[in-house]
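Just so you know, these numbers use all the heavy atoms, side chains as well, and skip hydrogens, waters and symmetry mates.
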Amino acid sequence: MAASAGAPGAPAVEEARPAERSSDSRAGQLSFCTKVCYGIGGMPNQVASSATAFYLQLFLLDVAQIPAAQVSLVLFGGKVSGAAADPVAGFFINRSSRTGSGRLMPWVLGCTPFIAGAYFLLWFLPPFSSLRGLWYSAFYCLFQALATSLQVPYAALTMRLTPCPRERDSATAYRMTMEMAGTLMGAAVHGLLVSGAHRPHPCEDAAPPGPLAVSADATRLYSIAAAVVAMMYPVCSGLLCLGVKERPDSSAPASGQGLSFLAGLGLTVRHPPYLKLVISFLFISAAIQVEQSYLVLFCTHASRLHDHVQGVVLTILVSAVLSTPLWEWVLQRFGKKTSAFGICVMVPFAILLAAVPTAPVAYVVAFVSGLSIAVSLLLPWSMLPDVVDDFQLQHQHGPGLETIFYSSYVFFTKLSGAGALGISTLSLEFAGYKAGACKQAEQVVVTLKVLIGAVPTCMILTGLCILMAGPAPKVPSQDPSRRLSLQRRTSYSLA
């Protein structure tokens, strides 16, 4: 009788398990509205980053008329400030307690008004000229630090949206699409508003011996563009708060006590899949930043593409925005490591633009570069949750470690960008770049060609070699105590 009673009970248990898994899957699904609001929350930083990436260097050199050596210090100091803010933000976020709106959301809302003010003052031309380098260094450092303090909790929010990896990847795709749209909006709006400040100088008619005077119209146009972008911060952060609910950390142990920040950082930087991801994208992200920063300068001073600056920039960004959903499909269909080969598509075309700087070639190069930039931005943020999952399967620790992963990743990539931009801008000083001059020396032209061709090529190829050669994460055995965590991984991995 005992055997006969147990026999019918076993199928009932087996039938209940798929139903339970189905219920868990439905509970982890995100609504369309949640995904859109989550993506909108990342737009302001991308709008501002796009404007600074393409136009800040030109503004500092030709409008503020700061020497190239000082511009190098401004860019380097700002990037280092943003990089240093990453572990600091991660430390304080890791130690903060959960509030009614979550543990990460208050950080996003608290940084919003301050970063909007810092961004506006970054594009303001002060009445004094002797200390302009110090003015822009201070506000660029402040802007980068605040942008980091907002971006770290926002990026870490991915792990708090849902325990389902497919839904996290879907939310990441929404986020990247909206951020790409923000990047496009930043370059388009800012570029169109300030286009009147960079009309071609009549060098053929008269060659002034010194720098050209800064027009009041140029300063007014830059201030208007800065105000428009600054207003996006409170609007988008409000929509993020209204449309997204932060879930409690499901990986927390019953005791609720996690590791300290420094102990967690020591563990994360020794995790092989994380090391591979970080080191490879140190080179790739630095290459993208160099390409963005010098494209406008190249079109303005090293080729006859001055009238095509807006068209080339918008072609890059439109291509990146439209190809992001395609890359998400490729990523899911063929795997993340296979998708990484899309980054190197821009390599031959970047060299082609430096060798043949004509308008048709420039637009073709811009389109292909947009494809590579899209996958280079999507890939690391799709891989990071997998790395976090792999780490949590091997080290059962308390909450907050995803913040350490995200903050340290941004720290290392920003630090590499700081070095690349600082050294490359300093090379313009050595080449003889004259701030505000209507025509640059031939050495400057050659330097700009190298900076948009050879330098990004070497960095991208080095990063891809590291990404492909590094070790893949080891999947732990499927013991019952880790079955729930393994269900979160599904088919996604770095292998």
Parallel under 30°, tilted from 30 to 60°, perpendicular over 60°: which one fits the rings of [X] and [Y]?
{"X": "W135", "Y": "F139", "value": "tilted"}
{"X": "Y409", "Y": "F281", "value": "perpendicular"}
{"X": "Y174", "Y": "F32", "value": "perpendicular"}

**Asked** Should T34 and S31 be marked as a side chain to side chain contact (heavy atoms under 4.5 Å, CB included) after you check the CA-CA gap, both sets of side-chain angles, and the distance that decides it?
**Response** CA-CA 5 Å; T34 297; S31 67; 2.8 Å; yes
Say whether, by atom type as modelled, one donor and one acceptor occur between the side chain of [X] and the main chain of [Y] under 3.5 angstrom.
{"X": "Q289", "Y": "A420", "result": "no"}
{"X": "S149", "Y": "A145", "result": "yes"}
{"X": "Q46", "Y": "A181", "result": "no"}
{"X": "S323", "Y": "L326", "result": "no"}
{"X": "S50", "Y": "G186", "result": "no"}
{"X": "R103", "Y": "I93", "result": "yes"}

Test item: [X] and [Y] side chains (from C-beta on) under 4.5 Å apart, heavy atoms:
{"X": "P357", "Y": "F298", "result": "yes"}
{"X": "F334", "Y": "W329", "result": "yes"}
{"X": "V194", "Y": "V63", "result": "no"}
{"X": "I40", "Y": "C236", "result": "yes"}
{"X": "V189", "Y": "V229", "result": "no"}
{"X": "W107", "Y": "L150", "result": "no"}
{"X": "R132", "Y": "P126", "result": "yes"}
{"X": "I351", "Y": "T457", "result": "yes"}

Rounded distance (nearest 0.5 Å) linking atom [atom1] of [X] with atom [atom2] of [Y]:
{"X": "E179", "Y": "Q151", "atom1": "CD", "atom2": "CD", "value": "6.0 Å"}
{"X": "M105", "Y": "Y154", "atom1": "CE", "atom2": "OH", "value": "10.0 Å"}
{"X": "L331", "Y": "M383", "atom1": "CG", "atom2": "CE", "value": "7.5 Å"}
{"X": "L378", "Y": "W327", "atom1": "CG", "atom2": "CH2", "value": "10.0 Å"}
{"X": "N45", "Y": "M232", "atom1": "CG", "atom2": "CE", "value": "10.5 Å"}
{"X": "I343", "Y": "L377", "atom1": "CD1", "atom2": "CG", "value": "9.0 Å"}

Return yes if a side-chain donor-acceptor contact under 3.5 Å exists between [X] and [Y], otherwise no.
{"X": "K336", "Y": "S382", "answer": "no"}
{"X": "Y294", "Y": "T425", "answer": "yes"}
{"X": "S237", "Y": "T112", "answer": "yes"}
{"X": "S424", "Y": "S427", "answer": "no"}

Flag the pair [X] / [Y] as yes when their ring centroid distance falls below 6.0 Å, and as no otherwise.
{"X": "F391", "Y": "Y274", "result": "no"}
{"X": "Y136", "Y": "F59", "result": "yes"}
{"X": "Y222", "Y": "H190", "result": "yes"}

Which heavy atom of [X] sits nearest to which heavy atom of [Y], and what is that distance?
{"X": "W123", "Y": "S223", "result": "O-OG, 4.3 Å"}
{"X": "K79", "Y": "Q144", "result": "NZ-NE2, 4.2 Å"}
{"X": "F143", "Y": "A48", "result": "CZ-CB, 3.7 Å"}
{"X": "L161", "Y": "L30", "result": "O-CD2, 3.5 Å"}
{"X": "P456", "Y": "A287", "result": "O-CB, 3.7 Å"}
{"X": "V290", "Y": "L421", "result": "CA-CD2, 4.2 Å"}

**Message:** Before you tell me yes or no, could you show the steps for L61 and L297 under side chain to side chain contact (heavy atoms under 4.5 Å, CB included), namely the whole-Å CA-CA distance, both residues' side-chain angles and the distance that decides it to 0.1 Å?
**Reply:** CA-CA 10 Å; L61 290 171; L297 278 176; 4.0 Å; yes
**Prompt:** Which residue, E328, K35, R175, Q332, forms the side chain to side chain donor-acceptor pair (under 3.5 Å) with S170?
**Reply:**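 Only one of E328, K35, R175, Q332 forms a side chain to side chain donor-acceptor pair (under 3.5 Å) with S170, namely K35.
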**Request:** Starting from the C-alpha separation in whole Å, work towards a yes-or-no answer on side chain to side chain contact (heavy atoms under 4.5 Å, CB included) for V309 and L295.
**Result:** CA-CA 8 Å; V309 169; L295 178 64; over 6 Å; no
**Request:** Check side-chain contact (heavy atoms from CB on, under 4.5 Å) between M346 and all other residues, then give those that pass, not counting sequence neighbours.
**Result:**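 Once residues adjacent in sequence are excluded, the partners of M346 under the side-chain contact (heavy atoms from CB on, under 4.5 Å) criterion are I288, E291, S369, S372, I460.
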**Test side chain to side chain contact (heavy atoms under 4.5 Å, CB included) applied to L314 and L184, step by step** = CA-CA 7 Å; L314 292 180; L184 174 61; 3.8 Å; yes
**Request:** Identify, with sequence neighbours excluded, every residue that meets ring-ring contact (aromatic ring centres under 6.0 Å, His included) alongside Y363.
**Result:**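 For Y363 the ring-ring contact (aromatic ring centres under 6.0 Å, His included) partners, ignoring immediate neighbours, are H308.
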